[in-house]
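Reminder, nothing fancy here: chain letters follow the sequence lines and each chain counts from 1.
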Protein chains: 2
Amino acid sequence: MSLRYAILGYLSTAPGTGYDLARQFDTGLGWFWTANHSQIYPELRRLTEEGLVERDATAISENVDKFVYSLTPAGREALREWTSQLPVYPPNRDGERLQLIFGDETPEALHAHLTAHRDHFVQRRQRLKETLDAIDAGTHERVKARVANRSKKAAAITLKLRQLAYAGDIARAETEIAWAEDALKWLETVRPQK
Amino acid sequence: MSLRYAILGYLSTAPGTGYDLARQFDTGLGWFWTANHSQIYPELRRLTEEGLVERDATAISENVDKFVYSLTPAGREALREWTSQLPVYPPNRDGERLQLIFGDETPEALHAHLTAHRDHFVQRRQRLKETLDAIDAGTHERVKARVANRSKKAAAITLKLRQLAYAGDIARAETEIAWAEDALKWLETVRPQK
DNA sequence: TTGTCCATGTAAACAGTTACATGATTGA
DNA sequence: TCAATCATGTAACTGTTTACATGGACAA
């Protein structure tokens with residue numbers, strides 16, 4: 001049920017099209033939530049029917065329209081209500097851990113597994129750091145747009161929350177990197193010639 | 001697609017019923033993967049049809065049977081193949097982060113949010129530590145069963161992989177706790193009288 | 001006899017992915 | 001003119017959750 005709030009949240013910064021949302025889910029917002037356009041367009045229709053968003057047709061040429069969605073007051077209130085609720089933690093579903101604990105009959109695959117894990121999170125950390133730097137430097141477009149029409153005090157909170165979110169994900173990546181490196185060190189003590 | 005491997009992995013330790021699997025997904029294995037019985041029974045049927053598991057009827061009373069599933073050689077091979085593959089990382093979907101970054105209009109909810117986050121992961125860490133202690137002490141039933149029919153060297157790998165998995169999840173919990181505590185400290189500097 | 005656990009299923013709804021489908025605009 | 005990007009949709013399939021459905025065993 002978070003898809004709709006990801007959409008409402010995005011539109012709470014500025015109006016946009018379904019295509020904008022799909023693009024955003026592939027880049028910025030995609031760190032926290034993602035969806036394909038095949039999921040976005042039907043959800044936008046439902047949100048419109050429920051009165052949480054409003055759709056305006058904008059001509060992009062003579063006979064072609066695009067649809068710009070914006071939050072209604074009811075939509076803004078629905079978002080506020082949702083962000084006020086306590087977080088709900090979904091059940092763990094970690095295929096990688098399954099590979100690990102049931103991979104005791106294929107230990108020869110461990111080295112590649114752990115290396116891939118480390119590399120994956122090194123890359124992740126890199127991209128997260130770039131985003132966090134952009135936020136800190138004030139060059140992050142979406143954050144700039146969100147901060148724009150807020151008071152100085154409110155803007156500071158917006159900024160801090162983004163920093164918390166990205167710093168948290170960076171910390172997660174670092175935990176994974178340290179874990180993989182520890183595990184690789186152990187592996188070396190077990191099979192030194194490899 | 002990991003559900004089937006969670007099942008194959010479970011059965012690779014010892015045969016069991018669908019009910020056993022459901023119970024296990026609610027407890028031990030549930031840390032890494034979970035499923036309801038409504039998903040398990042159909043999957044067991046498919047695995048049987050594909051020849052990866054084998055089902056035997058065992059009488060529990062005169063006219064009632066239960067069905068004990070065990071891995072076939074093909075099933076064991078399918079599991080080996082899967083654990084040999086590199087991990088696949090699913091797209092992030094983190095509703096809590098969305099609540100955070102779009103919660104800049106409801107900052108009054110932040111304190112409860114962060115406290116709940118910390119408490120959630122403190123509890124998680126506690127339960128994880130208990131499990132890891134049981135593994136270290138050799139009192140963890142499933143691990144004991146898995147280690148039982150292995151050579152000393154193979155058993156050591158089984159043990160180490162479990163320890164890695166649980167230690168990794170403990171490290172994750174600790175990252176979350178530290179993150180929430182840092183954020184709470186910042187909150188106090190912003191709104192000291194609360 | 002009542003509640004809990006054991007045990008196995010199906011059905012409907014919801015969420016997410018992949019594939020099918022179309023067409024305009026823009027820049028190399 | 002060819003490829004990339006903009007733009008919007010539907011259909012089929014897979015995976016997950018919630019609800020419906022049934023019945024035996026066992027202990028308080």
K.L.:
Give a yes/no answer on whether the side chain of Arg4(A) brings an N or O atom under 4.0 Å of OP1 or OP2 in dC14(C).
P.N.:
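No, no such contact exists.
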K.L.:
Using whole Å, report how far CD of Gln39(B) lies from C1' of dT17(D).
P.N.:
8 Å
K.L.:
Quick check for you: among dT17(C), dT10(C), dG9(D), whose closest atom lies nearest to any side-chain atom of Pro91(B)?
P.N.:
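Between dT17(C), dT10(C), dG9(D), the one nearest the side chain of Pro91(B) would be dT17(C).
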K.L.:
Mapping Arg93(B) and His37(B) to their closest nucleotides on DNA chain C, which lands nearer the 5' end?
P.N.:
His37(B)
K.L.:
Before accepting this row, confirm whether a basic side-chain N of the pair Lys185(A)/Glu181(A) lies closer than 4.0 Å to the acidic partner's carboxylate O.
P.N.:
no
K.L.:
Nearest to the side chain of Met1(A) - dA15(C), dT10(C), dT10(D)?
P.N.:
dA15(C)
K.L.:
Check DNA chain D against residues 5-27 of chain A and give the residues with a non-hydrogen atom under 4.0 Å, in numerical order.
P.N.:
Thr17(A), Gly18(A), Tyr19(A), Arg23(A)
K.L.:
With distance as the sole test, does Arg93(B) use its side chain to make a donor-acceptor pair with the main-chain N or O of Leu3(A) at under 3.5 Å?
P.N.:
no
K.L.:
If I take atom CG in residue Leu3(A) and atom C1' in nucleotide dG16(C), what distance separates them, rounded to the nearest angstrom?
P.N.:
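Checked: the CG to C1' distance equals 9 Å.
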K.L.:
What nucleotide among dT8(C), dA11(C), dG16(C) has an atom nearest to a side-chain atom of Phe67(B)?
P.N.:
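Output: dT8(C).
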K.L.:
When you check the gap from the basic side-chain N to the acidic O, do Asp26(A) and Arg23(A) get nearer than 4.0 Å?
P.N.:
no
K.L.:
Got a sec? Which of residues 40-58 of chain A come in under 4.0 Å of DNA chain D, heavy atoms?
P.N.:
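Tyr41(A), Arg55(A) - these, ordered by number, are the residues of the stretch whose heavy atoms sit under 4.0 Å from the strand.
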K.L.:
Can you tell whether the side chains of Glu130(B) and Arg127(B) come within less than 4.0 Å, N to carboxylate O?
P.N.:
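The answer is no: the pair does not qualify as a salt bridge.
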K.L.:
Looking at Tyr10(B), is Arg142(B) sitting on its ring face, NZ or CZ under 6.0 Å from the six-membered ring centre and within 45 degrees of the normal?
P.N.:
yes
K.L.:
Within this structure, what is the CG-to-P distance between Asp94(A) and dT16(D), rounded to whole angstrom?
P.N.:
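Distance, rounded to whole Å: 13 Å.
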K.L.:
Pair up each side-chain donor or acceptor in residues 162-170 of chain A with any protein partner under 3.5 Å, not counting sequence neighbours, and list the distances.
P.N.:
residue	atom	partner	partner atom	Å
Gln163(A)	NE2	Asp136(A)	OD1	2.8
Asp169(A)	OD1	Arg172(A)	NH1	3.3
Asp169(A)	OD1	Arg97(B)	NE	2.8
Asp169(A)	OD1	Arg97(B)	NH2	2.7

K.L.:
List the atom of Val68(A), the atom of Pro15(A), and the distance in Å for their closest heavy-atom pair.
P.N.:
CG1-CB, 3.8 Å
K.L.:
Are any of the side-chain nitrogens in Arg76(A) or Glu105(B) under 4.0 Å away from the carboxylate oxygens of its partner?
P.N.:
yes
K.L.:
Answer yes when Glu43(A) and Arg46(A) have at least one side-chain N-carboxylate O distance shorter than 4.0 Å, and no when they do not.
P.N.:
yes
K.L.:
Nearest-Å distance, CG (Asn36(A)) to P (dA11(D))?
P.N.:
17 Å
